[in-house]
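Reminder, nothing fancy here: chain letters follow the sequence lines and each chain counts from 1. What you see below is based on every heavy atom in this structure, not just the backbone, and it leaves out hydrogens, waters and symmetry mates.
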2 protein chains.
Amino acid sequence: MQISEVAKEFGLTTDTLRYYEREGLIGPIAKGKNGTRNYTEEDIKRIQFVKCMRAAGLEISFLKRYIKLFEEGDKTVKERRKILVEQRKILKEKLDAMQEAYNRLNYKIDLYDKNILDKKLM
Amino acid sequence: MQISEVAKEFGLTTDTLRYYEREGLIGPIAKGKNGTRNYTEEDIKRIQFVKCMRAAGLEISFLKRYIKLFEEGDKTVKERRKILVEQRKILKEKLDAMQEAYNRLNYKIDLYDKNILDKKLM
DNA sequence: TATTGACTTGAAGTAAACTCTAAGTGATAT
DNA sequence: ATATCACTTAGAGTTTACTTCAAGTCAATA
């Protein structure tokens with residue numbers, strides 16, 4: 001699979017894919033004899049993971065660190081678990097904050113729908 | 001209430017509060033005779049709203065637009081409702097993506113806890 | 001009275017995550 | 001054969017949201 005196809009499938013740009021590779025989040029991707037990238041199924045799975053975590057707001061620096069540990073093998077299992085738990089906590093807090101904002105938006109839209117125009121901003 | 005107290009209450013810096021004011025998200029805050037800001041209860045409520053929405057990832061530019069419309073009065077009600085619905089949609093998509101990442105993290109941590117060390121990254 | 005601490009300003013600086021540019025290569029369509 | 005198109009690189013530029021800086025004011029305390 002070549003870069004533009006992968007980009008299309010994931011809704012990323014080719015620039016972003018090359019950027020992730022530069023940063024060590026994916027790859028290095030094997031290249032054909034003309035120098036173009038050929039993404040394997042393994043590469044695709046990695047991109048899936050990275051995309052999911054990025055969409056959740058996890059930082060590139062964290063993903064870099066986690067992937068590096070993973071590549072260092074079994075001896076890093078304990079540390080990997082630890083940072084996953086860390087990230088889960090951060091993510092949970094964000095989720096809760098977002099849920100609160102979501103509820104607030106719902107409430108306000110509901111007021112608009114009922115034509116209750118109070119003079120409060122929110 | 002003066003700026004440092006407000007900052008402390010909301011876990012923001014005084015710089016951020018002045019920045020929000022510059023951008024028109026809050027205030028203009030009334031100043032005492034020595035030129036320092038005095039935040040009213042109204043100001044505090046506005047900051048609460050802004051903080052909640054920012055924590056959910058809504059952009060400054062959106063908040064600016066919404067607040068401007070609000071200040072233009074009842075004639076902007078329709079447009080306000082429209083952009084709230086827009087933002088709610090964006091927020092919902094983010095929430096879902098984050099929930100997915102959260103579940104994935106949970107699943108992986110669970111594997112670590114059970115000492116099932118598969119060789120997959122995620 | 002001198003110094004400390006919190007405040008003020010406008011403007012410049014920073015971090016994260018892309019995004020774009022310029023210059024070039026190689027395979028395919030006219 | 002020539003033009004078009006997708007790809008390559010290194011490196012510069014952009015956006016968003018702050019954050020820091022430099023220089024100054026004012027009130028209170030040692």
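Distances from the side chain of R37(B) to the nucleotides dC7(C), dT8(C), dC7(D) place dT8(C) closest.
Atom NZ in K64(A) sits about 13 Å away from atom C1' in dC18(C), given to the nearest Å. In this structure, the CD1 atom of I3(B) is 16 Å from the C1' atom of dT25(D), given to the nearest Å. Atom pair R18(B):CZ and dT9(C):P shows a separation of 7 Å (rounding to whole Å applied). In this structure, N34(A) atom CG and dT9(D) atom P are separated by 11 Å, rounded to whole Å. Rounded to whole Å, atom C1' of dA6(C) lies 15 Å from atom CG of L17(B). To the nearest angstrom, C1' of dC7(C) lies 16 Å from CE of M1(B). With rounding to whole Å, K33(A) atom NZ is found 17 Å from dA6(D) atom C1'. When rounded to the nearest whole Å, the span between CD1 of I29(B) and C1' of dC7(C) equals 15 Å.
The side chain of Q2(A) contributes an N or O atom lying less than 4.0 Å from OP1 or OP2 of dC7(D). At dA6(C), none of the side-chain N or O atoms of T14(B) fall inside 4.0 Å of OP1 or OP2 (strictly under the cut-off).
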- Passes side-chain contact (heavy atoms from CB on, under 4.5 Å), L69(A) versus I83(A)? Steps please. CA-CA 10 Å; L69(A) 286 172; I83(A) 67 173; 3.9 Å; yes

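Proximity of a side-chain donor or acceptor of R46(A) to a complementary backbone N or O of L25(A) within less than 3.5 Å is detected. Side chain of E21(B) to main chain of I29(B): a donor-acceptor pair is present (N/O by atom type, distance under 3.5 Å, no hydrogens or angles).
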Review item, side-chain donor-acceptor pairs of residues 49-56 of chain A, under 3.5 Å, at least two apart:
from, atom 1, to, atom 2, distance (Å)
K51(A), NZ, F10(A), O, 2.8
R54(A), NH1, L58(A), O, 2.6

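Sparse packing is recorded around CD of E79(B), with 12 or fewer heavy atoms of other residues, nucleotides or ligands lying under 6.0 Å away.
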- Which nucleotides of nucleotides 12-19 of chain D have their base under 4.0 Å from a protein heavy atom (B), which only their sugar-phosphate (S), and which neither (-), written as one string 5' to 3'? -----BBB

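End-to-end axis angle for the helix from dT1(C)-dA30(D) to dT30(C)-dA1(D), using five pairs per end and rounding to 10°, comes out at 10°.
A donor-acceptor contact closer than 3.5 angstrom is absent between the side chains of R88(B) and Y102(A). Between the side chains of Y66(A) and R80(A), no donor N or O sits under 3.5 Å from an acceptor N or O. No hydrogens or angles considered: nothing links the side chains of R65(B) and S61(B) as a donor-acceptor pair under 3.5 Å. Between the side chains of T13(A) and D15(A), not a single donor N or O lies within less than 3.5 Å of an accepting N or O.
If you check every strand for non-hydrogen atoms under 4.0 Å, E23(B) touches nothing.
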